[in-house]
Protein chains: 2
Amino acid sequence: MSAEMLKGHLDAVLLATIGDDALHGYAIIEAIRARSGGHFDLPEGTIYPALHRLELAGLLASRWVQPDGGRKRRVYSLTDSGRRSLVERRAGWQSFATGIDRVLGARA
Amino acid sequence: MSAEMLKGHLDAVLLATIGDDALHGYAIIEAIRARSGGHFDLPEGTIYPALHRLELAGLLASRWVQPDGGRKRRVYSLTDSGRRSLVERRAGWQSFATGIDRVLGARA
DNA sequence: AGTTATACCTAGCATTACTAGGCTTAAGGA
DNA sequence: TCCTTAAGCCTAGTAATGCTAGGTATAACT
């Protein structure tokens with residue numbers, strides 16, 4: 001359904017989903033599905049490389065956590081740079097969406 | 001400014017810009033710039049290959065026109081299939097934008 | 001013991017917009 | 001006349017990025 005419209009916006013989605021929490025990859029996928037109202041059901045092959053990319057870019061930090069039951073998880077949280085980037089990307093999205101809305105003649 | 005967020009939405013932008021008119025490439029670029037309120041200033045290297053792609057896909061039809069003054073222009077208009085596709089893409093955009101808005105926590 | 005859900009990962013692919021060039025014709029100024 | 005600028009079209013190659021399809025491991029449930 002969300003073929004590849006997401007291109008260029010995935011980073012914002014990931015940063016916003018993690019927000020002030022510390023989430024692991026699998027939980028992020030579920031959170032995106034829930035928060036988007038089912039619009040986005042992203043495969044692991046999309047999420048994991050993207051998280052690595054964002055960590056490499058210094059926007060995310062990760063640590064391994066061993067929960068009481070279950071296997072080890074890699075948990076991600078925003079760095080200061082990531083928080084700043086999220087603010088920018090939110091503004092960027094609004095600007096972009098406004099532009100598209102105008103051209104498509106939708107949503108006033 | 002519109003780095004490559006556009007990915008996956010350019011086709012909708014082109015179809016909507018042409019709409020019920022018959023426009024040539026150069027005019028399309030200017031129309032997008034105007035209608036988007038300056039948000040999108042797309043280079044020719046983006047527009048022309050995209051128009052060819054859409055024509056190949058049967059969503060656009062083109063013909064050469066010789067205006068009184070000036071050189072020949074290639075003028076594009078929507079096919080029936082293109083009109084149908086535009087309707088779908090408009091709906092697709094709204095669905096997509098709603099999903100992103102929810103995740104980003106912006107625009108209600 | 002086998003299946004399912006959780007949880008992580010990667011190589012390779014396909015799509016797509018952009019960069020950077022090139023070509024032609026007409027108009028306007030020096 | 002010559003030169004520059006704008007209008008107008010095009011393409012080869014590049015870079016980015018999300019997805020497909022595969023693999024691995026652990027825990028819980030049947």
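Residue numbers start from 1 in every chain, and the chains themselves are labelled A, B, ... in the order their sequence lines are given, proteins ahead of strands.
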Salt-bridge contact A:Glu30-A:Arg35 (side-chain N to carboxylate O under 4.0 Å)
no
Between C:dT6 atom C1' and A:Ile47 atom CD1, what is the distance in whole Å?
16 Å
Select from B:Lys72 and A:Pro49 the residue whose nearest nucleotide in DNA chain D is closer to the 5' end of that strand.
B:Lys72
Between the base of C:dA7 and the side chain of A:Arg71, is one N or O donor paired with an acceptor at under 3.5 angstrom?
yes
Give the rounded distance in Å between these two atoms: CD of A:Glu44 and P of D:dA25.
16 Å
Taking NZ from B:Lys7 and P from C:dC18, how many angstroms apart are they, rounded to a whole number?
8 Å
Are the side chain of B:Thr98 and the backbone N or O of B:Gln94 linked by a donor-acceptor pair below 3.5 Å?
yes
ILVMFWY cluster, A:Leu86 and A:Ile47 together (side-chain gap under 4.5 Å):
yes
Rounding to an integer number of Å, can you tell me how far A:Tyr76 OH sits from C:dA7 C1'?
12 Å
Atom pair distance, as rounded to whole Å: CG in B:Leu60 and P in D:dC9
14 Å
Report yes if the side chains of B:Leu60 and B:Thr79 come closer than 4.5 Å at any heavy-atom pair, otherwise no.
no
Among the candidates D:dA7, D:dG18, C:dA7, find the nucleotide nearest to the side-chain atoms of A:Leu6.
D:dG18
A:Tyr48 side chain near C:dC9 phosphate (N/O to OP1/OP2, under 4.0 Å):
no
How long is the line joining CD of B:Glu55 and P of D:dT11, in whole Å?
11 Å
Heavy-atom donor-acceptor pair, B:Arg90 side chain to A:Leu104 backbone, under 3.5 Å:
yes
Between C:dC18, C:dA17, C:dC9, which one does the side chain of B:Pro43 approach most closely?
C:dC18
Distance check: side-chain N/O of B:Arg73 vs OP1/OP2 of C:dT25, anything under 4.0 Å?
no
Which one, C:dC18, D:dC9, C:dC8, comes nearest to the side chain of A:His24?
C:dC8
Whole angstrom value for the distance that separates C1' of D:dA16 from CG of A:Leu10:
13 Å
B:Leu54 CG to C:dT15 P, in whole Å, measures 14 Å
Please classify the nucleic acid contact of B:Gly45 as base, sugar-phosphate, or nothing, using heavy-atom distances under 4.0 Å.
base
So, OP1 or OP2 of C:dA17: does either fall under 4.0 Å of a side-chain N or O from B:Arg53?
yes
Quick one: is C:dT10 close enough that its OP1 or OP2 comes under 4.0 Å of any side-chain N or O from A:His52?
yes
